[in-house]
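Okay, structure first, notes after.
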2 protein chains.
Amino acid sequence: MKHIKVKDLLNSAKPLDDVLVKGWVRTFRNNQFLAINDGSTINNIQCVVDFENTSPEMLKRLTTSAAVAIHGNLVESQGAGQKYEVQVTKLEILGDSDAETYPIQLRNKPSLEFLRENAHLRVRTNVFGAIMRVRSVLSFAIHQYFQEKGFVYVNTPIITGSDAEGAGEMFRVTALPATGAPLNEEGKVDYKQDFFGKETNLTVSGQLEAETYAMSLGQVYTFGPTFRAENSNTSRHLAEFWMIEPEVAFNDLDANMDLAEDFIQYVIKYAMDRCQDDLAFLNQRLADEEKQKPTAERSEMGLLEKLQFVLDNNFKRVSYTEAIDILKNSKPNKNKKFNYIIEEWGADLQSEHERFLVEKHFKCPVILFDYPAKIKAFYMRLNEDNQTVRAMDILFPGIGEIVGGSQREERLDVLQQKIADLGIDEKELWWYLDTRRFGTAVHSGFGLGFERLVLFVTGMTNIRDVIPFPRTPQNAEF
Amino acid sequence: MKHIKVKDLLNSAKPLDDVLVKGWVRTFRNNQFLAINDGSTINNIQCVVDFENTSPEMLKRLTTSAAVAIHGNLVESQGAGQKYEVQVTKLEILGDSDAETYPIQLRNKPSLEFLRENAHLRVRTNVFGAIMRVRSVLSFAIHQYFQEKGFVYVNTPIITGSDAEGAGEMFRVTALPATGAPLNEEGKVDYKQDFFGKETNLTVSGQLEAETYAMSLGQVYTFGPTFRAENSNTSRHLAEFWMIEPEVAFNDLDANMDLAEDFIQYVIKYAMDRCQDDLAFLNQRLADEEKQKPTAERSEMGLLEKLQFVLDNNFKRVSYTEAIDILKNSKPNKNKKFNYIIEEWGADLQSEHERFLVEKHFKCPVILFDYPAKIKAFYMRLNEDNQTVRAMDILFPGIGEIVGGSQREERLDVLQQKIADLGIDEKELWWYLDTRRFGTAVHSGFGLGFERLVLFVTGMTNIRDVIPFPRTPQNAEF
């Protein structure tokens with residue numbers, strides 16, 4: 001007999017005889033009301049146990065997280081809070097869960113930190129079940145958005161022999177022994193004897209490879225893991241995270257901004273449409289959390305309000321030069337409240353400045369563009385002023401930078417000069433330069449850090465809580 | 001003025017005035033007929049150049065792979081082979097492509113090997129454009145299949161501190177210096193000083209982590225990169241490849257087989273529906289290639305026939321024991337044509353045996369199940385005979401193993417014994433064993449090698465040709 005998912009039972013159009021439910025016990029009240037969850041929805045199905053005809057031994061085994069199979073009839077519920085419940089006719093324990101040793105005791109309100117150490121079990125709580133379902137739906141929305149528009153999904157390499165991306169510190173990948181690796185004549189490790197015959201690292205970005213594909217397939221996107229070996233123990237950084245990188249031939253920076261804004265609004269709307277129960281729960285969770293804070297520190301909007309706000313409002317587009325003017329004349333700058341005082345054009349913006357612009361000044365998502373060339377990557381299109389590049393960062397309230405992108409430098413000679421100025425050997429990038437040698441054209445793209453998007457949509461505040469098994473300094477458990 | 005994609009022009013319902021096309025030159029015939037492709041489809045739009053009113057210098061620049069912007073009118077074509085063409089009114093070169101130095105000279109029929117060395121440019125050919133579009137559509141079909149069924153997409157970790165998966169040789173991931181890494185008291189590398197505080201590797205499978213999620217969310221799947229540091233220089237192996245791993249609570253092996261078969265048929269049908277032009281081209285390519293072979297070696301079916309055959313026929317389900325009987329009594333075994341002669345029950349099947357079963361004996365996809373425990377992984381469910389496990393492999397013609405899966409051992413004591421027998425420290429798998437300690441239940445899953453599926457659907461024969469930038473021994477270019 002096939003079991004029916006909890007979600008389908010709760011959405012049933014009519015009462016049903018002889019149903020089979022399989023799932024895990026969430027709670028068992030009054031020796032009678034058994035709440036079963038199977039992951040198909042955040043909601044439980046209430047199963048009413050005929051306790052007078054059930055052995056005390058069996059009743060004792062109905063502990064949190066025990067796996068059960070329940071036969072019964074789906075009937076309209078007399079109690080408040082649910083439309084249907086299952087009148088149990090037969091109860092089977094598939095797998096016990098010892099109440100004494102089961103690590104997650106909900107009545108003790110386990111902290112997010114404690115749950116992180118039990119990442120294999122935390123998904124059994126409402127909050128992590130909700131987060132992971134929302135994460136999954138957002139992933140699909142991303143694919144659907146690009147596929148509907150005719151983009152080609154490209155799997156750029158994870159192991160890269162190219163070390164010129166310059167986006168951050170890299171992890172080395174090797175099959176050589178950890179001690180006693182073969183050395184070359186210079187006394188350095190002889191990577192010719194390593195698996196790939198050269199030094200290899202984990203990718204920090206698929207952009208350069210994606211560009212080569214965009215210059216033939218027109219519109220492409222990546223969605224895969226990327227890595228940073230940076231010792232950043234913050235609530236916004238992971239050593240391993242997922243990134244989406246669209247790249248579009250013939251798009252200039254304006255078209256790139258249009259794409260990014262439309263894309264973000266689409267995927268947020270998709271999640272709001274498809275994850276109503278999970279987002280309602282997360283909305284309430286955040287509201288409860290906010291209540292613990294002093295009134296002055298509470299955010300002005302609830303989670304669902306904040307998401308709707310992003311859908312209803314255009315992102316404010318502001319040039320770097322305008323932003324510097326705003327910051328220079330801002331109260332926290334004049335009162336020296338910023339850790340880094342903005343004194344002149346050319347300064348790199350810190351998280352505190354970005355947050356001021358988004359959360360205090362504009363109070364909406366902001367796209368900053370046309371940054372000084374000196375603080376941005378070599379592949380960005382130099383403007384006619386020879387000072388700024390066609391870069392853009394999208395800043396979100398509570399999150400900071402969620403997107404970084406640019407129009408790419410399509411002129412071979414300008415790009416070669418930039419590479420030379422950085423002291424990068426042009427031979428390292430022969431294939432990248434080929435895109436400018438043969439049929440070059442204006443093109444643009446951006447990278448969106450997926451976990452930052454999930455943070456924003458779920459209202460969580462630590463990035464370690466929105467990826468199943470976070471990788472951070474000193475932590476690669478599971 | 002916004003340009004229109006080639007695909008949309010070719011599908012236009014009516015002629016259009018004043019259109020703008022952007023793309024790359026594929027061919028230029030008779031100083032007049034310019035074939036432009038922009039990656040949106042395998043088909044080119046023919047643009048008719050008014051050569052009498054175009055400068056000879058401009059005409060010379062219309063070389064293969066030059067990027068162009070073309071203004072003109074979309075009119076019904078007088079010539080055969082296309083419904084519409086563009087009568088060019090204005091021609092603009094966006095980026096030249098020097099015919100002397102452009103590496104891919106189609107008239108020289110570049111070999112697949114040569115194109116592999118130019119993986120950044122090979123996507124500009126019809127065959128690789130088609131492959132990569134099909135690959136992308138298959139990726140989406142996979143997500144859509146699982147999402148429609150309510151599965152949750154789980155990103156299991158790429159960097160793993162767990163070394164008990166046992167699926168193959170692993171790449172080490174480290175941020176320590178290649179020479180002079182700090183040593184501990186035993187004279188071994190002190191991984192406590194490495195980034196994660198322990199030895200870490202690239203994942204060979206997300207299964208164990210996915211199981212922990214399935215035991216709460218019910219139905220989950222992974223789709224991400226996996227790695228093998230095996231020195232296999234074959235047309236079927238990559239060091240970095242993408243794998244799909246669904247895992248389902250309460251599914252036994254029969255349900256697992258049903259899921260795998262339904263899933264594969266769904267994604268193949270999806271690609272056949274959405275990639276008709278690309279698959280027609282690849283069908284013809286394979287037919288042309290087959291013509292070069294002696295008649296006896298030609299395959300009986302064309303590509304599209306073969307795909308349709310998989311949709312129309314159930315996969316043949318055969319126990320390992322039955323398969324051994326068939327092999328033992330087969331002609332190549334009796335005539336000692338196999339490299340590995342099958343002598344008795346318990347033998348591990350080689351690729352030659354799998355191909356015999358699929359291609360000669362059954363002539364359809366085959367699911368082998370109930371393998372000897374000794375040749376399969378520790379986590380597979382032991383049958384009541386104490387000899388075989390609830391494993392399954394799906395074998396495809398021309399590809400061999402495309403899926404490997406099993407019902408998982410859900411009994412804590414049996415699993416602990418297996419782990420002890422293998423000499424694995426139980427502490428390494430504490431979190432995996434927790435799934436059996438708390439609410440264990442029957443569950444099953446499988447892994448499908450994505451590139452092998454793409455090989456099958458595109459009719460290509462070397463796995464390096466179905467991933468954008470292949471990673472193989474001595475090769476990590478780009």
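A, B, ... follow the sequence lines: proteins, then strands. Residue 1 opens every chain.
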Region of A/E117 that comes under 4.5 Å of a non-hydrogen atom in chain B:
backbone
With side chains defined as the heavy atoms from C-beta onward, is the minimum distance between A/P468 and B/E209 less than 4.5 Å?
no
Is chain B contacted by the side chain of A/Q219, its backbone, both, or neither, given a heavy-atom distance below 4.5 Å?
side chain
Region of A/E240 in contact with chain B, defined by heavy-atom distances below 4.5 Å:
side chain
Counting only heavy atoms closer than 4.5 Å, note whether A/L412 contacts chain B via side chain, backbone, both or neither.
neither
Would you say A/E477 and B/K198 make side-chain contact, with heavy atoms under 4.5 Å?
yes
Using non-hydrogen atoms and a 4.5 Å limit, figure out which bit of A/K192 sits close to chain B: side chain, backbone, both or neither.
backbone
Does the side chain of B/Q144 reach to within under 4.5 Å of the side chain of A/F140, using non-hydrogen atoms?
yes
Hey, can you tell me if B/H120 and A/W430 have their rings parallel, tilted or perpendicular (30° and 60° cut-offs)?
perpendicular
Among A/N155, A/T174, A/V173, which residue has the highest count of heavy-atom pairs closer than 4.5 Å to chain B?
A/N155
Go through the atoms of A/S139 and report whether side chain, backbone, both or neither lie under 4.5 Å from a heavy atom of chain B.
side chain
Between A/A69 and chain B, with a heavy-atom cut-off of 4.5 Å, which part of the residue counts as in contact: side chain, backbone, both or neither?
neither
Identify which part of A/L183 has an atom lying under 4.5 Å from any heavy atom of chain B, answering side chain, backbone, both or neither.
side chain
Nearest 0.5 angstrom please: A/R122 CZ to B/S216 OG, how far?
12.0 Å
Do A/P473 and B/F196 have side chains that approach each other closer than 4.5 Å (heavy atoms only, starting at C-beta)?
no
I'd like to verify something: which residue of B/D434, B/T200, B/T435 has the highest number of heavy-atom pairs under 4.5 Å with chain A?
B/D434
Per-residue contact mode, A/P225 against chain B (heavy atom under 4.5 angstrom)
side chain
Do B/T212 and A/F469 have side chains that get closer than 4.5 Å, going by heavy atoms?
yes
Region of A/R135 in contact with chain B, defined by heavy-atom distances below 4.5 Å
side chain
May I ask you to name which of A/E410, A/K188, A/H143 has the most heavy-atom pairs under 4.5 Å with chain B?
A/H143
Any chance the rings of A/F223 and B/F223 have centres within less than 6.0 Å?
no
Among B/W242, B/F171, B/F227, B/F438, single out the residue with the greatest number of heavy-atom pairs under 4.5 Å to chain A.
B/F438
How about B/Y213 and A/F128: are their ring centroids closer than 6.0 Å?
no
Counting only heavy atoms closer than 4.5 Å, note whether A/A66 contacts chain B via side chain, backbone, both or neither.
backbone
Can you tell me which portion of A/R471 sits under 4.5 Å from chain B's heavy atoms? Options are side chain, backbone, both or neither.
both
Work out which heavy atom in B/L217 is nearest to a heavy atom in A/R133; give both atom names and the distance.
CD2-NH1, 3.8 Å
